[in-house]
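Read the structure below first, then the notes.
Here the structure is a predicted model, which is why all the values come from computation and not from measurement.
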Amino acid sequence: MKNFFLDIFQNPLFQNIEASSIGKVLAWLLAIGSVGAVCGFMPLWMQSVYFVALALSLGYVLIGGIHFNGKYLTLYIVLVLNVLILPIDPVFNSKMRLLLFTVVTMVVSSALVTKRAVVFRNMVFKNVLILCSILVPISCLCRFLGLNYARMVVSSDMNMQEQVTSTGLFGGLFQHSMMLGPIAAIITIAFFFAYQSYGQKKIYIVLFIMSALACFFSASRGAVLSLVVPILFALFSRKVDQSAKKSAKVIILVACLAILPFAGSVFSGVVEKQQRNVEMGSTFGSRDDKFTFRWNEFLSSPIVGIGFASIDPVGGDIYWSDGTIEPGSSHMAVLSMTGLFGAICYFLIILFAYNCVKNEDDTNAKFKKALLIAMLLHACWEGYVFSGGGFLCLLYWIIVGQAIDYKYLKKYRLLEEKVNSYE
């Protein structure tokens, strides 16, 4: 068990950058608060810890100076005008949601490009992955132990055991299967690169398999897709040297052989969910209505959108009494909520992030490119891009920021050469 934690904390993909003591403490507080808020076994007040940590972290990075990335600043201006000018229904509380989104992206993404900000969000990224690298493999074990910490609303006439075993309700240590899925996909990719790039420690094969299983157990098709595509992309990329390709094939082959004996139970959730959608008349039956609503909203106001963090109240889509919505797709939500103005600003940031790492041969850059591809794919099916209070929003923007920050890590000469210390 001791070696298990050491191998996770010493994952060679992580950059060891010198920082102040208060920066290290705040980075851990923010990581623990954000991850703890989505763990089913943690108390509900962890969400408050997350918000306090966000506020303290914002103050910390601003002390290092205010130097905005122009692309983010332009997006902020468009979003502020959006909520000030458009007649958005007050139920959606768009102004407060925009404030929270701005704080999150200023802290964890590349909105601020001072050295202090770059170093701080690199530490937050590292700490979040460390915590999730522990929770995801344990969540895999929870499936075999019959443990499930997913928080569910159970009707009085429904049996809890039936709820737990139903498709899409396994969250492991996380509060929801839709949270476990994408997090497990990201962690699986992390162990994939850790194994094939440095030292080829066998423990990374085991952790890779356990994390991949956790992703499949979540029965999230979007998460499975965001796991498989980046790995295939990395495997067949022309820039991958033969040694890395060989080790990648080894870890995939071993994983397939290990999963094969009980493949039926591994893939049953995803298959069952797909069958349900086919019965609904479409491959993406559970998302078709959402896509249609977002497209109709865009057509109704293609230039400026219908309003930040909102939907058309009479468009047919549902929303909760507190203004909470589920857009169904992050990218389509940007289009419907902010129109072409906001969408262009948003996609310029995404394109810039990809361009910062696409031609780099360094393993750190390849790893971040794979994570970026994973999150961009997953965001096609889940609408969290503007949900500043949610963990997936933080995870999405911190990964976008890490891709961009590769440029600033080089600028500030913070990248370190990795030495294989496992031989």
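- In this pair, W381 and F291 present their aromatic rings tilted. The plane angle is within the 30 to 60° band.
- The neighbour count for L73 CG, taken as heavy atoms of other residues, nucleotides or ligands under 6.0 Å away, is above 12.
- The distance from the OG1 atom of T74 to the CG atom of L348 is 8.5 Å, given to the nearest 0.5 Å.
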Practice task
Assess whether side-chain contact (heavy atoms from CB on, under 4.5 Å) is satisfied between I404 and F352, documenting all intermediate values.
Solution key: CA-CA 7 Å; I404 295 173; F352 179 55; 3.6 Å; yes
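- Looking at S109, its side chain never comes within 3.5 Å of a backbone N or O of M106 through a donor-acceptor pair.
- Between the side chain of S139 and the backbone N or O of L173 there is at least one donor-acceptor pair closer than 3.5 Å.
- Atom OH of Y406 and atom CG of L372 lie 14.5 Å apart (nearest 0.5 Å).
- Annotation: cation-pi pair R116/Y60 present, NZ/CZ under 6.0 Å from the ring centroid and within 45° of its normal.
- Contact check for W28 versus I130: side-chain heavy atoms found under the 4.5 Å cut-off.
- Here the straight-line distance linking atom CD1 of I63 with atom OG1 of T114 works out to 11.0 Å at 0.5 Å rounding.
- Checking side-chain atoms of T338 against main-chain N and O of L335 turns up no donor-acceptor pair under 3.5 Å.
- A salt bridge links R294 with D317: the distance from a Lys NZ or Arg NE/NH1/NH2 to an Asp or Glu carboxylate oxygen falls below 4.0 Å.
- Under the 3.5 Å distance criterion, the side-chain polar atoms of S220 are matched with a main-chain donor or acceptor of A223.
- With hydrogens and angles left out, the side-chain atoms of H331 and Y346 include a donor and acceptor closer than 3.5 Å.
- Between F308 and F386, the two ring planes are tilted [angle within 30° to 60°].
- Atom CG of L75 is separated from atom CZ of F347 by 11.5 Å, given to the nearest 0.5 angstrom.
- Relative to the ring axis of F170, R143 places its NZ or CZ within 45° and under 6.0 Å from the centre.
- Taking the centre of each ring, F367 and F192 stay at or above the 6.0 Å mark.
- Side-chain N/O atoms of K126 and N122 include no donor and acceptor closer than 3.5 Å.
- The aromatic rings of Y76 and F101 lie perpendicular to each other, with more than 60° between the two planes, well past the 30° mark.
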Practice task
Given side chain to side chain donor-acceptor pair (under 3.5 Å), test N69 with S110 step by step and report yes or no.
Solution key: CA-CA 7 Å; N69 179 313; S110 293; 5.8 Å; no
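- Between L141 and M210, the closest side-chain pair of non-hydrogen atoms falls below 4.5 Å.
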Practice task
Any chance you could lay out the side-chain contact (heavy atoms from CB on, under 4.5 Å) test for L135 and F41, step after step, and finish with the verdict?
Solution key: CA-CA 11 Å; L135 295 170; F41 61 90; 4.1 Å; yes
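- The closest side-chain heavy-atom distance from L169 to S177 is not below 4.5 Å.
- Remark: the backbone N or O of A184 is not paired with any side-chain donor or acceptor of S211 at under 3.5 angstrom.
- Here the straight-line distance linking atom CG of L213 with atom OG of S218 works out to 11.0 Å at 0.5 Å rounding.
- Here the side chains of F217 and F144 are in contact, with some heavy-atom distance below 4.5 Å.
- Using a 4.0 Å cut-off between a side-chain N of Lys or Arg and a carboxylate O of Asp or Glu, K410 and E360 qualify as a salt bridge.
- Using modelled atom types, one finds no donor on one side chain facing an acceptor on the other under 3.5 Å when comparing H176 with Y149.
- When each of L131, L394, L30 is paired with V35, the side chain to side chain contact (heavy atoms under 4.5 Å, CB included) condition holds for L131 and for no other.
- Looking at R97, its side chain does come within 3.5 Å of a backbone N or O of F92 through a donor-acceptor pair.
- Using a 4.5 Å heavy-atom threshold, the side chains of I399 and I186 count as touching.
- Neither side chain, Y384 nor S330, offers a donor N or O lying under 3.5 Å from an acceptor on the other.
- Listed by chain and residue number, F341, C345 satisfy the side chain to side chain contact (heavy atoms under 4.5 Å, CB included) test with V78 (two or more places apart in sequence, or in another chain).
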